[in-house]
Every structure is written in C-alpha cells, then in structure tokens.
Amino acid sequence: MMRLSQGGRIDRSKTLHFTFDGKAFTGHPGDTLASALAANGVRLFGRSFKYHRRRGLLGAGIEEPNALVTVIDNGVREPNLPATLVELKDGLIAESQNRWPSLGFDMGAVNQLGAKVFGAGFYYKTFFGPFRSTRVWHFFEHFIRRAAGLGAAGDVPDPARYERINAFCDMLVIGGGGAGLAAALDAAKAGKRVIVCDLAPVFGGRMNWTGETEKRDALLAALDATGNARLLPRTMVWGHYDGNTFAAIENVASHRQSLPGEPRHRHWVIRAGAVVLATGATERPLVFPGNDRPGVMLANSMLRMAAEFGVAPGETFGMFTNNDSAYHAAAALAAFGPRCVLIVDLRRSVSAEMRAIAIRLKAELRTGHAVVGTTGSAGLNGVHVAPVDAECHVTGTEKLFAVHALGMSGGWNPLIGLAAQQGQKPGFDDTLQAFMPPALPAEWRTVGAVAGVGLPAPAPVLMVRPKKPLDKAFIDFQHDVTDTDIDLAHREGFIAVEHLKRYTTLGMATDQGRTSNVAGIARMAELLGKTVGETGTTRFRAPFSGVSLGSIAAERFGHIMPNRLTPMQDWHTANGGDTYAAGLWHRPMAYLKPGETLEQAYVREAKAVRQAAGLVDVSTLGKILVQGPDAAEFLDRVYTNMMSTLPVMKARYGLMLREDGLLFDDGTAWRLAEDEFLVTTTTANAGKVMEHLEFFLDCIWPDLGCVVTSVTDHWGGMALAGPKARDILSTCVTGAAVDNAALPHMGIVHGVIAGVKVMVARLSFSGERAYEIYAPSGHAQRVWDAVMAAGAALGLVPYGLEALGTLRVEKGHVTGAEIDGRTTADDLGLGGMLSKKKPFIGSAMAYREGLVRDGRLQLVGLKSLDGRALNGGAHVVENAAPQEPAESLGHVTAACFSPAVNAYVGLALVRDGRKRIGQNAFLADPLRGIHMPVAIVSPHMIDPDGSRMHG
Amino acid sequence: MRIPCPFCGLRDGVEFSYQGDANRTRPDPVSVDQTVWNDHVFNRVNTRGVHREFWLHNHGCRAHLVVERNTVTHEIVSVALARQFVLERKP
C-alpha cells in the first residue's frame, strides 16, 4: 500500500512518530495505526490464532479481525486492539501478537503442517484418549495454550484513572452516520434530549469516505444549533439491558496525552426513553482458497482506506464480488489513482449499469467466475480465476491475473447485536442474504443500513472449496475456522448452531463473528439441507466488542470506597488507634503505645478494664428507634423474649431468630417510654435487622401501629466498663443519680455530661460493671473527652476492638463469629431466652428435628495447655498426633490471650460441647502445621455468677 | 431494569432489593405444623411469566413495594405499596 499525495482527513503538514515491534515509523494526525503502517508499506500485521498464518488488514474499522495489536502506554499493556481503531499519537508504542520469535519469522507457522490435527474440537479431543489426565496431556495443554492465542495481559499496575457516569436522555441514537444524525436532528428539533454515540473520532460514518463531508458538516451544524443533542465520539455502546439501559465505553484519552485528572476510559450507563439503532452494516468476505493472504481486503474497506486515510491499496487492484457494491467501490477507488484491472463476479449476469462501470474502468469483467486461489509471498501479487457453476463448483480452467490488491464483497451484515442482546431472534432476509433486526419494542427504531436501507442484494452465500488440503478457505479469520472445520463439526454431530459455535469456535473471538458468522451458518445450512433462516443464528451477547476491565471497575475499589466514621474517629487516630476496616467502618483495634505490639497493647487494655476502667467507642452498633402504640407488641413478635413487660427506663438483652428458627442477631432493647424503644443491633447486622423489621411491618403486619427509624448515625456511643466505672461516671454526669439504687444493672437514666444531654444505660458486654453512654453525634467527642478527663486519675484507658473481644471471650459472650447462620439459641447456651408464652419470628421452626437433636455444635471455652496461642478456625479433634484426615469435632470461633485467666483461651463450637466440658482435646491446624493440646472449659471463664457486673 | 416507585418515580434496579414472593401468606404464628411452615419458609413456585413479588426501595424511600414482573422479559407490569396491598388482601 502507499500514501496518496492528497485526500482523506489526515493532516500531512504534521508528522507523528511511533514504533511497531520496535521499529520506528511516521504518520500524520488523523491516521489510525493501521493506515499509518499501511502507508509505510507494512502488509503483515499479525499472525493467525491457530495456524500462525501471515495476516494483513481485512477491514478499516470495527470489523477488523486480523490486525490485533497490543498498545503499551507507560509500561501498561492493552492487548487485542484492532489497529484500525487505534488513533495514532506521537510516541505510540505498539506490538504485534501471537508470534514467536518475530512477526516475520514465526515458529508457530509449522502448525499449518499439522492442520489435520488442529481441526475443529482439537482441544476438546485432547481430553480423551490415551493421554487424558496424564503429564503428557499437561505438556500438550501448555503448548496449546501458548500456540493458540491473542495478546498477553501486562503485569504492572495500571495507573490510569477510569470513571463511571450515569446519563439519561429522551432518545439514544447508536451510530452517528447519516441516518443516525438525521434521526437525532428530527428529535432534537422537537425538543427531545438526544445522545448520539459513535465509535469513530469523527461523526458521519460512511459520509467520511463517500465524498459527502459537506453534507455531514451541515447535519452536525444543524444538530448543534438545536442545543438538545450531546455527541459522544469514540464511544461504543456495547450492552443493552432491561428498561432501555445501555452500557457504553468512551475512549477519553487513549488517543492523546491525557490531561491531569482525566480518565482514560469512561463507562457510561445510559437510560433512554426511545432508542434509534443506526449502527450500519459491515461488509463480509467471500470464502475462497487463500482469502487470508495480506492484500486481500474487504472492497469497501479498501475504498475507505484511500478516501478517509489517504492510503491506496497499490497500483492495480481487482475485485471479487457477489453484489453491486464492489463495482461502486471500484469506481470510487479508481478516482484516487489505482487502476481496477479485474472484476470477478460470482453471478452469471449483472446489470447494464454494472457492466458500464467495468467498461469505464477498463477492467476485465468475468461473470460466473470465482477467485479460486491467490499468489504471493510477502503479499498478494496475483489471483487465479476460473469459471464456476451456480453451486460454486469450478467448471473450467484457471487463469492467473496479476493484481497488487484484491477487494472482496460477499454482501453486508447489518450490525444488529444490540437489538438482539435481550434474546430476540433475528430473521434472515433472503434478498439481502443477511440477518435483520428482530421485532422491537415500540420505542425502538432502526434506520439506515442496519435496517437494510441502501444495501445491495447479493448472490446466495456460497464458498469456493479448496482442491488441495493445505489450501485453506477461511470463514472466521480471527479464530482460524475454515470450511472444512464446519464440515467436520457436522460429521461429528454438532448440528445445532450454538453447538457449532462452541465446537469450532466460529464467531467466538473478539470480533464476535461480525465478518464470519453468516458464511459459517450458510455452510451449515447447506449440510443440513435447510435454509439459512431455518438454521438461525447464535444468540447475541454483550459486549459488542472488547471493553477494558478498568472501565467496568471504575472507581469501585481502593480509597474511593465510602468510609463511615464515628464521631471519635480523629481522636482514635491521634491517640495511637490502629484502625481496622469493619465493613465501611474503621474501628481502632488497640491504642498502641510506642514500641508495643498489638498483643501487648490489647492485653494491657483488657487488664486495665478489669482492674480500673476502660472506655470504648461503640458508635458503630446499629440503633433503631421503634415507636408507636404497638411498639411493645411488635418487639414481642420479633424478639424471642418478652419485651412488653419491660418497665420504662429499663433495658433488656434480646435475641432475634430468622423465620427458619436459626439465630439472626442479638442486641438490647431500651424502653424509653410506653410507646418508644431504642433497639441496638450488632455492627455487622445493623442494615439487615433494619430491613427485617421493615419487612415485617410493611408486608406481614401492616396493621400494627408502629414505625422504625434508623438512628445509628444520630447517636455517638461509648461504653465505660470496669470496677471504677461508676466512680468516673458520677464525677462527670449531672442531673441524674448513678448509684446502684438509682441505676441498677439494665437501668437507664437521662443526664448531662459536659453540658451535653446524654442517655446512660447500665449494660455490660465485658462482664464488668459497665455503662453505655449515648450522646448526639455532633457532641459525642465532647462527652468522650469529659469522661476521659474524669477517669484520668482513676486509671481509665481507652480500649479497642481486640480488648473488647478479649473481655467478651473471657465472659463467653457471643458475637457474629458464633451467630454464624448455622447456630441455634440453644447451641450457644441461650435456649432459656426462647419464650414459651408467645409466638415470635422463628418460634414455629426453632424446635424442628434437626435443630434439637444430639450431636449439634455447642459453645464451649478452650484453654491452651502448652502455652501456645489458639488459632481462629482451627479444628477441635480427639487424636493426640497429627493425622490426616482427622474427624473434626468443631472449630475455634475466637481466640486471644486472656490476662484474667493468664492463658491463651478461645471460644469454640464443638459437637455435644457441653458434655465435653472438663475434658481435654487437641487443636489441629494442618495448614499452619499446628497440633496442640487444649482443655475444654465453660465459656464463662471469669465471674460465672455475674457479681462483678451486678455489684 | 427500572422500577417506578410510587414515592420516588422511575428508579434504577440497583436501588432496590428483592424481598421474595408476594403471593405467600404467613401461616398462623401459633401453629407449629411443620408441613405448613416448611412449605412457607422453603418452598417456592418458580414462575415463568408474570410474578408478584416484594421489593424494598432500600436506597430510596425504604418502602416495600409489590411489583408484578415478567420473569421472562423483566417487564414491570404493576407496582403498588406493599402495606396497602397486604391490608387489602386480608379478609
């Protein structure tokens, strides 16, 4: 190919430098990588998928199956990009794919010699026979995977930014060619908000290469004048979802130096009222031996390269066609200089108009003929032409014609994918020999070539079969599927079109069979003795073409995740709080002093709580306000225990079950008034409990006079625990007495701390005398500071999640690790909390056979007998020596060092655990090579009668 | 998929969460008939076609809705407030 001295949308006054496979080239602004390389005389763009055959350009746009390249930007590899869609920029680095050691000399090309072996289903066949599941097979598999392939992904992190955007419009126009722009203009004039997307950097579609750029500019100017249209160039609509929701990818900055903060790709979710499908059609190749030789291109792509990008195919060219469009392309292309010397037409007769074109071009016209072979080494230099009958069988002698390039046209495929992604069946149009858009909803319209407008009627899809086995006629260029593969699949019984696709991989490559499917299905129909329409096409699925994974992930990773912060977050960080992500919350694990390990810190904190006092941030607990005349009745129905008998200003620990009788969540209910409760939930289940309560109020008992409101973020909470807790509280709280008589265990008072109104409930999670203090979020830090100051002289320390966990493990208090969706209340020793006096959610199923039988996992405590730490998740076993496989009796749910017990302890769920208390067992953790002796003890490892808590 | 919420208007499906078959009615809470409860808790009809189901607009107004949805085409046939639907269904 060669560069024309004028024409096209390239700017010859500026030069861009780029490299392809390490070799330096130049091009111009407006070039694609494909046109720039072609202008430099490059014919070889890639190696084919299985046989590693030399491949050149077939198309000029989205249809390109051969010229896939990897673009390397700052070391980041983006593979499998059609060179026809890569816009040239200065400094572009691209590489060819699927070749070793180089594109020109590729060892994999020996695969062609074994072509019989590499036929359809070759990979699957290696699963059977003598080598199956052997090392030999693994060797082959490695080889196959290396030999057959596309580009390789990179291994360095991609620093580019990707973003996601939502858009709404009255009308989405997919495809910005003449028909799409006209439909957009009509709607925009009528006041509709319109979005028009087009793959290309320039709108206008084929107007860009058919000499209609003035008409294009007039349409665009009129559209702009309405002020209602948003044009998205370089944007591919790739998915169609329910409710006219579309996914699109906008190439924002791959084609130039990106600006600071600009994303590389933008993922669009477009929700449209009406849809105009104006995606056009792609030309399809003819199937004949040697149709993949570099220099053989689609007829109209050849024209497009010349007219849009100023690249001529060579001094002379021929055309091979079964329809009129190749004649028009030949005439238009000849106007740029190249001479058309030959037109081969499969049809026996052509119109006078076409004949006149051939005469005007001084081209030799051969009707009822076919190209039956191609010659040339680096590229095409000649074609063999022979007469054929109506079934495409050769009937006479071949003649060789010298041509530098061959354009082929086998008819046109409307790009109907988006219209059929919802599962609608496209019908086959016998006149156009193409699958057409299926019946569409009322708000959809198809315009232009996708609707068949302006498409020529080709001869039926037939193929010229090779005579020699090594001659190949390709149907699917990207996956190297030939005519014989279709025949083989048919012989082996793959006679459904979806099976054919999987077995031969026809149409499964990144181009989704845009150029290949119809020819493959036509051959299959011929073998089945059916029509193409009866045979049908495979289902269309998203994405329409390759989509970057980065654009789909967009901002949904890393630091962009929302954070939930408690009112005391800054204080925690400033005071050594080593925070840990718990869902969206960030909670301090411990407050590390200089030089302290995490274990030293939490043991110090837990010890301080038991000896003096500690303060922990509990703002993350779920808090739900339950209000209304039926609030108490409602809580009786959702908690296992009775809440209606709770006096005002008292709190009660409560359990909730799921409808199937298993434990759901635990928490407390505070009765603030006759008709008002504050319910707390575990941090992890706050959202789920809220949904659960709302569901029962809305959908099961809408007759109850009760409403629920999430107030989690409204209250900052802190728990003050330890023997000195009351002394500390009494020095800082005013307006309420907090002595044992005024505020007994489970009592609630309203008071004031540091001028802030607070609620104080005497609740204990640690087993110590403890108070939960709730202050309005905006003032919680002030309250926290006041309590810390009041406790300074009494040994008060802040404590984190690890110490909180240690205190609850020592006390045998359960959390989400034990309420794991498989345990019942009785498994955890809480069976007594299931009221027998009333039904509640889960009551009917709580006692079913499987939940009350012997052998269930029950909560126990564990104590290390050899001074080693217990591991969460380790299995409890009876055997003293490591043994595989050992029968597991259960597993460790929580583990820590207990300063109160002065040993490593844990909680575990163990089969018939309560009967085993007092026995010894072993922990097996084979992954970490740990096998150690433990004592099974009561989960209440300290203060079993609760005197510390009640005193 | 988009659902027209009676309070919030036409909203994207990601704002909603599925809350189960709305054709079921909860058995008498006092009953401990395991056949009835097993059926209620575990068994579902896998409808092909228009199905009546509960949806929660959890990233919106938090109302539960009764949505009639075609399970084949995802077409939304009707949307009503669950509270009203359940109250009117009661004998």
Side-chain angles (χ1 to χ4, degrees), chain A residues 164 166-168 240-245 269-273 422-424 441 556 624 633 636-638 657-662 687-688 690-710 836-851, chain B residues 1-4 9-42 53-59 61-66 69-76 80-90:
Chain A
R164 178 189 158 95
N166 287 293
F168 299 84
H240 167 215
Y241 300 94
D242 298 320
N244 289 341
T245 302
V269 177
I270 305 171
R271 294 168 183 90
Q422 294 290 298
Q424 308 93 324
R556 283 170 292 188
I624 299 167
E633 168 65 21
D636 275 351
R637 295 186 191 183
V638 297
L657 304 190
R658 308 190 312 210
E659 195 81 287
D660 64 4
L662 292 165
K688 275 195 261 179
M690 184 70 189
E691 261 185 33
H692 178 76
L693 300 184
E694 287 176 316
F695 177 79
F696 277 87
L697 279 176
D698 265 359
C699 303
I700 308 294
W701 305 310
D703 49 334
L704 283 184
C706 178
V707 292
V708 290
T709 312
S710 170
K836 303 268 188 194
K837 293 180 191 148
K838 51 144 195 168
F840 52 86
I841 295 171
S843 62
M845 300 199 83
Y847 300 100
R848 61 199 156 106
E849 197 183 343
L851 301 188
Chain B
M1 191 171 75
R2 288 195 282 173
I3 298 176
L10 188 61
R11 310 297 298 182
D12 196 83
V14 299
E15 294 183 4
F16 298 83
S17 65
Y18 182 69
Q19 300 289 329
D21 185 351
N23 295 305
R24 294 180 301 148
T25 49
R26 195 169 183 261
D28 176 1
V30 181
S31 156
V32 290
D33 183 332
Q34 292 301 296
T35 314
V36 172
W37 277 98
N38 269 324
D39 196 48
H40 174 70
V41 174
F42 299 113
E53 50 205 25
F54 289 122
W55 285 81
L56 169 64
H57 195 188
N58 52 345
H59 296 295
C61 59
R62 292 197 75 86
H64 281 84
L65 311 176
V66 171
R69 179 180 66 100
N70 188 316
T71 58
V72 180
T73 63
H74 295 183
E75 184 198 354
I76 306 292
L81 288 177
R83 292 182 71 88
Q84 214 166 336
F85 167 83
V86 175
L87 283 169
E88 282 164 14
R89 179 172 65 182
K90 285 213 166 153

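The figures that follow rest on heavy atoms only: side chains count, while hydrogens, waters and symmetry mates do not. Below, chains carry the letters A, B, ... as their sequence lines are ordered, and counting in each starts from 1. Just so it is clear, the model here is predicted, and its values are computed rather than measured.
Between A:I700 atom CD1 and B:R83 atom CZ the span is 12.0 Å, to the nearest 0.5 Å. Atom CZ of A:F168 is separated from atom CG of B:L10 by 8.5 Å, given to the nearest 0.5 angstrom. How far CG of B:L56 is from CD of A:E694: 6.0 Å, rounded to the nearest 0.5 Å.
Looking at A:R271, both its backbone and its side chain come within 4.5 Å of chain B, counting heavy atoms on both sides. In this structure, chain A has heavy atoms under 4.5 Å from both the backbone and the side chain of B:N38. For B:T25, no part sits under 4.5 Å from any heavy atom of chain A, backbone or side chain.
Pairs passing the salt bridge (charged side-chain N to carboxylate O under 4.0 Å, His left out) check and including a residue from residues 16-31 of chain B, sequence neighbours excluded, read A:E659-B:R26.
The shortest non-hydrogen separation linking A:P839 to B:V30 is CG-CG2, 4.2 Å. Counting all heavy atoms, side chain and backbone alike, A:A844 lies closest to B:V32 at CA-CG1, 4.2 Å.
Between A:S710 and B:R62, the closest side-chain pair of non-hydrogen atoms is not below 4.5 Å. A heavy-atom distance below 4.5 Å is not found between the side chains of B:M1 and A:Y241. Within the 4.5 Å cutoff, the side chain of A:D660 has heavy atoms near those of the B:F42 side chain.
Judged purely by atom type and a 3.5 angstrom limit, A:E691 has no side-chain atom pairing as donor or acceptor with the backbone of B:S17. Under a 3.5 Å cut-off, the side chain of A:D698 and the backbone N or O of B:A82 do not form any donor-acceptor pair.
Ion pair B:R2/A:D242 not flagged as a salt bridge, since none of the NZ, NE, NH1 or NH2 atoms sits closer than 4.0 Å to an Asp/Glu carboxylate oxygen.
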